[in-house]
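Quick caveat: nothing in here was measured; it's all calculated off a predicted structure. So you know, we letter chains A, B, ... as the sequences are listed, proteins then strands, and number each from 1.
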2 protein chains.
Amino acid sequence: MTTVQSVVRSMTLLEQVAHRPRGLVELADAAKLPTTTTARLLATLEDLHALRRDDEGIYRIGPTIISLVSTGDVGSSLRALAHPHMVELVGAVDEAVGLSIPVDGVAVTIAQVDAPRAVKAEDWYGTRWSLLGGGTGYALMATWSQSEVDELLDGSSDPGRVRDGIAAARAAGVSWSHGDYVDELSSVAAAIVDDSGRGIAALYVYGPSYRFPDGATHETERRLVEMARRISHAWNARTGRTVVQ
Amino acid sequence: MTTVQSVVRSMTLLEQVAHRPRGLVELADAAKLPTTTTARLLATLEDLHALRRDDEGIYRIGPTIISLVSTGDVGSSLRALAHPHMVELVGAVDEAVGLSIPVDGVAVTIAQVDAPRAVKAEDWYGTRWSLLGGGTGYALMATWSQSEVDELLDGSSDPGRVRDGIAAARAAGVSWSHGDYVDELSSVAAAIVDDSGRGIAALYVYGPSYRFPDGATHETERRLVEMARRISHAWNARTGRTVVQ
DNA sequence: AATCAATTTCCACATGATGGGAATCGCCGG
DNA sequence: CCGGCGATTCCCATCATGTGGAAATTGATT
């Protein structure tokens, strides 16, 4: 199959900007493109409001991109389907809840519902976490085939630790993470599975580590697992196969 | 300035998909492009995970787009700056809170924090609302110049009603909307302003109309206005001018 | 098996993207 | 006020790259 060069390059630039907002020359350098070409592509994206440029020449992701992430297809996307359940879960456990899907070996946060009491209410929307780094990834990989896991582990620095995490996740049905992703932040993740039992997304509860003392969180675990089960069920009950999102 | 055709076309297709997920032919038709060209562009976007296609051939927005909306530049974007304040406001008023910015005559929701109790917790992230349709738009336009408002009103069906709404918003400092956008849903909006007093975004509290009886909501109004003021202040206190987002 | 719509493959054409070079802008230091 | 320098924009010849018509293929429906 043949791909369109300028479109691929534009997406690279968008990703670079998302990674870190910068000016023309730095972006050209990062994308390994001539300055002129970069300027033309950036100007096009700016014209479309996909990027915005401030008066210092720094490019940032613009509103067009944000509005692409709309709820146009409520009812068929996992995100829209899970959202009300997530709100309910937040109400039950009084901590923030997130939802991530795996893409190319990383987990992308596609939805987040905060607890009003959240001490540090950070906004992880769109953030990519390594699958190998902690709870979210372990919970997912625990439901995957050995070969899939091996492929991801190929070349990782500490495969033993990851395998232990996966084994623990498989045994417990959930996967804890204490400060693995962010200092002082703990999370419990559970997989949302398709009708073959394969994890297609991870639902997780998170908050400051001090609010998750060992042993005092069985209720949270229980509710998380129950909600993941309900979301899985709702997802698999849809009529017609559609793609995860 | 010259723009890159294929990039513009790709963005059109992305917007069409966001508007309503569809198959190749329908998208080609909607974008007024030859099928072949559309197929090539869609394949490119799919390859980049900007789009996903299910086994029925329906294209949907993919995870790459979602991860573009990241928080890479925490501290300089309005969204990241406002987020913790929004969480606090949710805690105070016990209703959902949203944040929108104006783009090309519409308001795009760039952040949302739900109240755990939300009866129907819908996900408006990325949704575009008309500025002329209700509270959000009135709150913003109340801070804009007459000529800017006139430009937007040019060709609108009921300019008188909008002008009344703007006048009310200017007088009250907030703008109410009861069922204007969505049935049974009420909202109060207040503008977040730059250092010249011009509205750059709208902060709003919303929930089922029955929870907003007239006269029992002064406390909500007060807290909303106070929070909008604080966010405005934080925004204008930043060092270095940056663009709204 | 026949029909029809949707999608993919193929390919000749020329348009539209490309990038080198030069001009311009904007800022800073002397 | 004047160079100097990096960043950005303008210009334009070149041709690689994107384009879209036509035909083949797939796949669902009757």
Taking CD from B:Glu56 and C1' from C:dA5, how many angstroms apart are they, rounded to a whole number?
16 Å

Minimal heavy-atom distance between A:Ala201 and A:Ile101, with the atoms involved, is CB-CG2, 3.8 Å

Distance (rounded to the nearest 0.5 Å) between B:Thr143 OG1 and B:Glu148 CD
8.0 Å

Tell me whether the side-chain N/O atoms of A:Arg53 come closer than 4.0 Å to OP1 or OP2 in D:dT9.
yes

Using a cut-off of less than 4.0 Å, is there contact between a side-chain N or O of A:Gln5 and OP1 or OP2 of C:dA17?
no

Could you check whether B:Thr36 gets within reach of a base, just the sugar-phosphate, or nothing at all, counting any heavy atom under 4.0 Å?
base

Closest-nucleotide 5' rank along DNA chain D - winner of B:Leu33 and A:Ala39
A:Ala39

Separation of atom CG in B:Asp47 from atom P in D:dG18, rounded to whole Å
13 Å

Distance check needed: D:dA7 P versus A:Leu24 CG, whole Å only.
9 Å

Check whether any side-chain heavy atom of A:Leu203 sits under 4.5 Å from a side-chain heavy atom of A:Val97, and report yes or no.
yes

Taking only side-chain N and O atoms of A:Thr37, does any of them lie within less than 4.0 angstrom of OP1 or OP2 on C:dT18?
no

Using whole Å, what does the distance between atom C1' of nucleotide C:dA5 and atom CD of B:Glu26 come to?
12 Å

Establish whether the base of D:dG18 is bridged to the side chain of B:Arg40 by a donor-acceptor pair shorter than 3.5 Å.
no

I need the CG-P distance between B:Leu42 and C:dT8, as an integer number of Å.
10 Å

Select from A:Val7 and A:Gly57 the residue whose nearest nucleotide in DNA chain D is closer to the 5' end of that strand.
A:Gly57

Between D:dG18 atom P and B:Leu45 atom CG, what is the distance in whole Å?
13 Å

May I ask you to verify if any side-chain N or O of B:Arg9 is less than 4.0 angstrom from the OP1 or OP2 atom of D:dT19?
yes

Rounded interatomic separation in angstrom, taking CZ from A:Arg22 and C1' from D:dA7
16 Å

Rounded off to whole Å, could you give me the CG-to-P distance for the A:Leu41 and D:dT8 pair?
15 Å

Distance check, rounded to the nearest 0.5 Å: B:Met141 atom CE versus B:Ser175 atom OG?
8.5 Å

Does a side chain donor of either A:Trp129 or A:Ser100 reach within less than 3.5 Å of an acceptor in the other side chain?
no

